[in-house]
Amino acid sequence: MNASEVRLRFSPAPTGFLHIGSVRTALYNWLHARHTGGTFILRIEDTDVARSTQESIDQIQEVLRWLGLNWDEGPVLQSVRFDVYLEAAHRLLADDKAYECFCTEAEVRARNEDAMRRGHIPGYDGRCRTLSVAEREAFIAEGRARSIRFRTPDEGRSSFEDVVRGEVAVEWSTIPDFVIVRSNGTPVFFLANAVDDIDMGITHVLRGEDLIDSTHRVLALRRALGHDDQPIYAHLPLILGQGGGKLSKRHAAISVEEYRDAGYLPGALCNYLALLGWGPEDGREVLTTDELIAEFELARVIPSAATFDPKKLEWMNGEHIRRLTSAELQAAVLPFARARYGGRLDIPRFEKAVELAQNRATTLVQIADQMAFLFTPDEELELDPASWEKLARVEQAPAILDAVIAYVETCPWEADAIDLKAPIEALGLKAGKVMHVIYTAVEGRAAGLPVYDSIFLLGRASALRRLRAARAKL
RNA sequence: GCCCCCAUCGUCUAGUGGCCUAGGACGCCGCCCUUUCAAGGCGGUAACGGGGAUUCGAACUCCCCUGGGGGCACCA
């Protein structure tokens with residue numbers, strides 16, 4: 001790899017679905033790689049074998065693909081590189097930068113709780129730091145399992161430069177010795193992370209702010225392994241839910257699949273997520289992915305946490321829908337329509353309906369739902385109860401329907417020739433006020449596609465059957 | 001309890017000492033347009049958490065407080 005090459009990695013743990021916050025992290029890494037012509041690597045941090053699942057590994061890749069966040073290298077699974085991490089751990093052991101620890105997890109926890117009661121710092125107390133030969137032998141004779149702990153400095157400060165926060169510093173005394181190899185022989189995150197960032201030549205580390213404290217440990221390991229250079233770090237602001245606290249199911253959908261299934265466009269989701277913590281210099285908000293790549297600057301990432309606002313995402317999705325060509329939108333809506341209408345789907349009608357819906361919808365699902373009446377046999381058309389109630393409350397509804405029926409029976413049959421205003425106004429009514437009656441009769445509900453076009457799409461016979469059915473029902 | 005990070009309208013943000021009686025966007029409210037509902041157009045509502053300090057002058061610099069968030073695992 002070239003010395004000046006920019007290399008970034010997105011490195012999720014495959015222990016569940018990919019949270020929307022992680023997706024934002026992936027996006028920023030990807031944007032910076034694409035903006036700089038660098039390399040974007042997908043690394044799966046599955047050192048916790050017990051919690052990692054293949055399902056999650058698959059899902060991560062599926063989500064990234066759907067969003068268009070393609071990676072140049074990987075996926076690299078850490079689980080196949082254990083020997084590399086273990087070799088590093090033994091080097092640290094040999095250099096006395098780490099030591100074997102015979103304490104069990106339960107013992108450490110118990111001593112911690114005790115120390116906490118007395119108002120002390122929680123964290124490993126250093127029991128095995130300086131074991132005598134005899135003590136060591138005794139533990140081994142006992143058949144105790146051993147983990148490997150990294151020895152952190154007792155004094156001084158650890159500090160690093162963060163692109164979005166400036167200098168981040170902490171006293172070493174607040175960071176206890178930590179495990180780098182579990183007693184079952186598997187390596188821990190800090191070790192694998194440090195080793196891989198070295199081996200992969202990572203130049204920029206963009207990750208959530210929740211990892212900011214762990215950076216001191218990773219960097220200490222890196223130095224202990226003989227690397228005084230360090231990547232450029234940028235800790236991204238967290239995404240919060242409404243009312244504070246981390247974004248969870250309670251606030252909004254937090255998995256990408258939910259947005260995909262609800263009819264959100266990947267470009268809109270990327271756009272919205274990109275704007276949580278960053279914005280282009282000129283203040284534009286609706287940007288294509290290519291524009292995001294062109295404009296993205298790490299230097300403009302802000303340090304404060306952002307609250308996720310589903311409403312703004314929805315608005316933005318509508319903006320993206322409006323910017324699509326008819327063909328693009330039709331292709332995007334098609335799967336949703338097929339799932340709903342199956343064999344009843346009529347493509348020419350479908351395409352026209354999508355065009356009619358384009359400048360009014362905020363999600364693809366909304367578009368697919370609005371055209372339901374076009375693919376439903378007249379006798380099966382369901383009348384939305386609330387809409388019907390509203391229709392029934394209109395005193396002149398029978399007269400309106402009669403007038404419209406008479407009109408539709410004889411009007412010229414051309415797309416732009418249908419105009420229901422005249423027959424309704426002939427009754428002395430304001431057309432706009434009662435047009436919902438016709439919407440409900442023809443489309444089954446008061447809110448939907450423009451009704452003149454809908455009648456034309458349906459065809460004269462079908463439209464008349466629906467109008468007459470509604471009239472008869474009154 | 002200890003440590004770290006953060007702090008402009010309800011929300012996303014612009015703003016890097018005078019251009020700020022603080023700008024834009026979402027939301028909300030009103031009006032207009034209109035083939036109901038939407039969409040669109042126009043207008044309105046609404047913020048620099050508090051206290052010190054520096055300065056001729058602070059949203060912008062420093063300190064304290066307060067508030068919010070994160071971390072303190074043989075999770076990552």
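Chain identifiers are assigned alphabetically (A, B, ...) following the order of the sequence lines, protein sequences preceding nucleic acid strands; residue numbering begins at 1 within each chain. What's counted below: heavy atoms across the whole structure, side chains too, no hydrogens, waters or symmetry copies.
- Here B/U35 is the nucleotide among B/G69, B/U35, B/A7 with the atom lying nearest to any side-chain atom of A/Lys421.
- Comparing A/Arg149 and A/Gln366 by the nucleotide of RNA chain B whose heavy atom lies nearest to each, the residue mapping closer to the 5' end is A/Gln366.
- Residues passing the salt bridge (charged side-chain N to carboxylate O under 4.0 Å, His left out) test with A/Arg144, sequence neighbours excluded: A/Glu107, A/Glu142.
- Each of A/Asp213, A/Thr215, A/Asp210, A/Leu206 was scored for a side chain to side chain contact (heavy atoms under 4.5 Å, CB included) with A/His235, with one residue passing: A/Thr215.
- Across B/A76, B/C6, B/C4, the shortest atom-to-atom separation from the side chain of A/Ile212 is found for B/C4.
- Following rounding to the nearest Å, A/Ile175 (CD1) and B/C72 (C1') show an atom-to-atom distance of 10 Å.
- The P atoms of B/U11 and B/G68 are separated by 14 Å, rounded to the nearest whole Å.
- Taking atom C1' in both B/C33 and B/G70, the straight-line distance is 50 Å, to the nearest Å.
- Using Watson-Crick or G-U wobble geometry with both donor-acceptor distances under 3.5 Å, B/U16 finds no partner in any strand shown.
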*Determine, for nucleotides 10-15 of chain B in 5'-to-3' order, which nucleotides have protein heavy atoms under 4.0 Å from the base (write B), from only the sugar-phosphate (write S), or from neither (write -).*
-SBSSS
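- When the nearest nucleotides of RNA chain B are assigned to A/Glu209 and A/Arg217 by heavy-atom distance, the more 5′-ward of the two goes with A/Glu209.
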Pair up each side-chain donor or acceptor in residues 177-188 of chain A with any protein partner under 3.5 Å, not counting sequence neighbours, and list the distances.
residue, atom, partner, partner atom, Å
A/Asp177, OD1, A/Arg129, NH2, 3.2
A/Asp177, OD1, A/Thr152, N, 2.9
A/Asp177, OD1, A/Thr152, OG1, 3.2
A/Asp177, OD2, A/Tyr99, OH, 2.6
A/Asp177, OD2, A/Arg129, NE, 2.7
A/Arg182, NH1, A/Thr47, O, 3.4
A/Arg182, NH1, A/Thr186, OG1, 2.8
A/Arg182, NH1, A/Pro187, O, 3.0
A/Asn184, OD1, A/Thr186, N, 2.9
A/Asn184, OD1, A/Thr186, OG1, 2.7

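- The CZ atom of A/Arg111 sits 19 Å away from the P atom of B/C72 (whole-angstrom rounding).
- Within 3.5 Å, no donor on the side chain of A/Asp210 pairs with an acceptor on the base of B/G69, nor the reverse.
- If you take NE2 of A/His436 and C1' of B/A38, they are 16 Å apart, rounded to a whole angstrom.
- In this structure, the side chain of A/Glu328 engages the main chain of A/Thr325 through a donor-acceptor pair within 3.5 Å.
- A/Glu171 is linked by a salt bridge (charged side-chain N to carboxylate O under 4.0 Å, His left out) to A/Arg157, counting only residues two or more places apart in sequence or in another chain.
- Within 4.0 Å (heavy atoms only), A/Gly283 reaches no atom of the nucleic acid at all.
- Listed pair A/Arg51 / B/A76 fails the phosphate criterion, with no side-chain N or O lying under 4.0 Å from OP1 or OP2.
- Look at the C1' atom in both B/C6 and B/G43: the space between them is 36 Å, to the nearest Å.
- Contact annotation for A/Leu420: no contact, since no heavy-atom pair falls under 4.0 Å across all strands.
- Distance, A/Asp48 CG to B/A76 C1': 8 Å, rounded to whole Å.
- Looking only at atom types and distance, the side chain of A/Ser326 has no donor-acceptor partner in the side chain of A/Gln330 under 3.5 Å away.
- Side-chain polar atoms of A/Thr362 and A/Asn317 form no donor-acceptor pair below 3.5 angstrom.
- Applying the salt bridge (charged side-chain N to carboxylate O under 4.0 Å, His left out) criterion to A/Arg9, with sequence neighbours excluded, gives A/Asp197.
- When both distances must be under 3.5 Å, the Watson-Crick or G-U wobble mate of B/A7 is B/U66.
- Here A/Pro450 lies in heavy-atom contact (under 4.0 Å) with a base.
- Of all nucleotides listed (B/G27, B/C4, B/A76), B/C4 comes nearest to the side chain of A/Val170.
- Between the C1' atoms of B/A58 and B/G52, the separation comes to 14 Å (whole Å).
- Nucleic acid contact for A/Gly318: none, since no nucleic acid atom lies under 4.0 Å from a heavy atom of the residue.
- One atom, CZ of A/Arg109, and another, P of B/C72, lie 14 Å apart when rounded to the nearest Å.
- If you measure from atom NZ of A/Lys390 to atom P of B/C37, you get 6 Å, rounded to the nearest angstrom.
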Could you list the donor-acceptor pairs under 3.5 angstrom formed by side chains in residues 413-422 of chain A, with sequence neighbours left out?
residue, atom, partner, partner atom, Å
A/Asp419, OD1, A/Lys421, N, 2.9
A/Asp419, OD1, A/Tyr452, OH, 3.3

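- A 3.5 Å limit on both hydrogen-bonding distances identifies B/G44 as the Watson-Crick or G-U partner of B/C28.
- A/Glu395 contributes atom CD, which lies 10.5 Å from atom CD1 of A/Ile400 (distance to the nearest 0.5 angstrom).
- Evaluation of atom-type donor-acceptor distances gives no pair under 3.5 Å for the side chain of A/Thr174 against the base of B/C2.
- Proximity of A/Thr47 to the phosphate of B/A76: a side-chain N or O atom is located under 4.0 Å from OP1 or OP2.
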*For each nucleotide in nucleotides 44-49 of chain B, reading 5' to 3', give B when a protein heavy atom comes within less than 4.0 Å of its base, S when such contact involves only the sugar-phosphate, and - otherwise.*
------
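- Remark: C1' of B/U35 and CZ of A/Phe456 are 17 Å apart, rounded to the nearest angstrom.
- For A/Arg165, the side-chain atoms get nearest to B/C6 when compared with the rest of B/G27, B/C6, B/A76.
- Between the C1' atoms of B/G67 and B/C74, the separation comes to 36 Å (whole Å).
- Nucleotides B/U35 and B/G44 are separated by 28 Å at their P atoms, to the nearest Å.
- The gap from the P atom of B/C29 to that of B/G23 amounts to 23 Å, rounded to the nearest Å.
- Counting to the nearest Å, the P atom of B/A38 and the OH atom of A/Tyr439 are 12 Å from each other.
- Applying the ring-ring contact (aromatic ring centres under 6.0 Å, His included) test to A/Phe189 and every residue at least two apart in sequence or in another chain returns nothing.
- Base contact: A/Phe190 has a heavy atom under 4.0 Å from a base atom.
- Here A/Arg207 pairs with nothing under the salt bridge (charged side-chain N to carboxylate O under 4.0 Å, His left out) rule; sequence neighbours left out.
- Taking atom P in both B/U54 and B/C12, the straight-line distance is 34 Å, to the nearest Å.
- Put simply, the residue from A/Phe296, A/Tyr28, A/Tyr272 that forms a ring-ring contact (aromatic ring centres under 6.0 Å, His included) with A/Trp278 is A/Phe296.
- For B/C37, the base has a donor-acceptor partner in the side chain of A/Arg360 [N/O atoms by modelled type, under 3.5 angstrom].
- Nucleotide B/A39 is matched to nothing when pairs are restricted to Watson-Crick or G-U wobble geometry with both distances under 3.5 angstrom.
- If you check B/C6, B/U35, B/C4 against the side chain of A/Val451, the one that comes closest is B/U35.
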